[in-house]
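Encoded as structure tokens, the structure appears first; notes follow it.
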Amino acid sequence: LWIPLVAGHFIGDFMLQTDEIVSRKGELRIAALHASVVATVSWALTGHWGSVWWMIPLLLSTHAAVDLTKIRLDGLLDRRDGEPGDYLDRNGKLILFLTDQAFHLLVLLGVVLLVDASPALQATVAGTGAWVGTFGPGFLELLVLVVGWILATSASGYTLALALSRFESELSERQKDGLRWGGYWIGITERSLIYLFILLGEPAGIGFLAAAKSVFRIGELKETEDRKLAEYILIGTLMSFATAMLVGIGTRQALLLLP
């Protein structure tokens with residue numbers, strides 16, 4: 001039960017959440033719409049469609065409550081009277097995002113524990129479920145791989161963007177010049193490849209990827225001769241590589257734990 005619920009959360013929260021939903025999630029109906037998508041995907045992935053209908057209103061209400069609380073705290077953070085560049089100014093958004101995700105996962109853990117503690121609820125998830133019954137244990141392995149990929153790409157990309165925002169503010173507009181979504185897709189692609197290399201047991205491929213990226217970046221750094229930009233690129237690259245490698249290693253270990 002834990003794997004489908006976690007997969008449903010990450011698919012709904014990162015793959016099925018548009019920029020418009022993110023910008024308007026402070027509106028109750030938009031927050032409810034997003035939460036209903038997450039709840040429905042999680043319910044669908046369990047494979048116990050007729051017996052676990054109770055999960056949809058439970059997950060919808062808890063997900064929306066956590067999101068709206070995070071948005072309220074986000075607003076308070078923006079309106080606070082602290083000094084520019086202080087700890088909360090540099091780290092507040094990142095802390096809120098990580099806390100938000102932690103609470104979502106704690107809610108899912110609570111649902112699993114609630115089912116384990118209640119014989120009546122255990123009866124609703126008895127058996128393997130339609131997906132595992134049809135495709136076997138490979139379905140759970142697929143969900144683990146999908147969750148790992150989302151963590152390595154979209155989720156880590158958003159986290160890294162928040163972590164690097166403190167440095168981006170020091171760059172000039174000229175230094176930020178480039179394709180609008182260029183950096184985003186470069187990051188998604190490089191972390192996807194690293195994730196794949198780790199899963200395939202071919203970490204040497206990461207060295208070739210790092211070499212290829214450095215070749216393209218050297219010309220840019222020589223032209224600008226800007227230490228801040230060089231350090232920004234280096235920090236972002238190291239954080240991106242490390243995150244994808246850790247997620248890849250964690251996913252391999254998670255696959256070994258499956259029955």
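All values derive from a computational prediction rather than experimental measurement. Only heavy atoms go into these numbers, but all of them, side chains included; no hydrogens, no water, no symmetry mates.
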Hydrophobic cluster membership, [X] vs [Y], 4.5 Å side-chain cutoff:
X    : Y    : value
L45  : L105 : yes
L145 : V132 : yes
L94  : L151 : yes
V147 : L199 : yes
V66  : I21  : no

Specify the closest pair of heavy atoms between [X] and [Y], including all atoms of both residues, with the distance to one decimal.
X    : Y    : result
L164 : G236 : CD1-CA, 3.8 Å
L58  : T62  : O-OG1, 2.8 Å
F14  : I150 : CB-CG2, 3.9 Å
V52  : T124 : CG1-O, 3.6 Å
L60  : S36  : CD1-CB, 3.6 Å
G50  : W53  : O-CD1, 3.4 Å

Worksheet entry | Test side chain to side chain contact (heavy atoms under 4.5 Å, CB included) applied to L5 and L59, step by step | CA-CA 10 Å; L5 291 181; L59 294 178; 4.1 Å; yes
To the nearest 0.5 Å, how far apart are [atom1] in [X] and [atom2] in [Y]?
X    : Y    : atom1 : atom2 : value
E202 : L193 : CD    : CG    : 13.5 Å
L196 : L209 : CG    : CG    : 11.0 Å
L113 : L108 : CG    : CG    : 11.0 Å
I188 : S156 : CD1   : OG    : 7.0 Å
E27  : L68  : CD    : CG    : 11.0 Å
L238 : L160 : CG    : CG    : 11.0 Å

Worksheet item: Aromatic rings H9 and H104: how do their planes relate, parallel, tilted or perpendicular, breaks at 30° and 60°?
Response: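 Rings of H9 and H104: tilted, as their planes differ by 30° to 60°.
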Fill in: Plane angle bin for F139 and W131 - parallel if under 30°, tilted between 30 and 60°, otherwise perpendicular
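If you compare the ring of W131 with that of F139, the planes turn out parallel.
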[X] (side chain) donor-acceptor with [Y] (main chain) under 3.5 angstrom:
X    : Y    : value
T237 : L234 : no
W43  : W49  : yes
S118 : V115 : no

Item to complete: Please check if any side-chain donor atom of R191 sits under 3.5 Å from a side-chain acceptor atom of T153, or the reverse.
Response: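 Short answer, no.
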Within the 4.5 Å heavy-atom criterion, are [X] and [Y] side-chain neighbours or not?
X    : Y    : result
D13  : H63  : yes
L73  : T99  : no
L142 : F135 : no
R24  : R29  : yes
W149 : M15  : yes

Validation: residues 244-259 side-chain donor-acceptor distances under 3.5 Å, sequence neighbours left out:
unit_1, atom_1, unit_2, atom_2, d
T251, OG1, V247, O, 2.8
R252, NH1, I198, O, 3.1

What do you reckon, is [atom1] of [X] surrounded by more than 12 foreign heavy atoms closer than 6.0 Å?
X   : atom1 : result
W2  : CH2   : yes
F97 : CZ    : yes
R72 : CZ    : no

Item to complete: Check the pair H48 / M55 against side chain to side chain contact (heavy atoms under 4.5 Å, CB included), numbers first and verdict last.
Response: CA-CA 10 Å; H48 298 278; M55 277 191 184; over 6 Å; no
Worksheet entry | F10/V146 under side chain to side chain contact (heavy atoms under 4.5 Å, CB included): CA gap, chis, key distance, verdict | CA-CA 9 Å; F10 282 110; V146 170; over 6 Å; no
Practice prompt. Determine, stepwise, if the pair V125 / T46 fulfils side chain to side chain contact (heavy atoms under 4.5 Å, CB included).
Written response: CA-CA 8 Å; V125 294; T46 65; over 6 Å; no
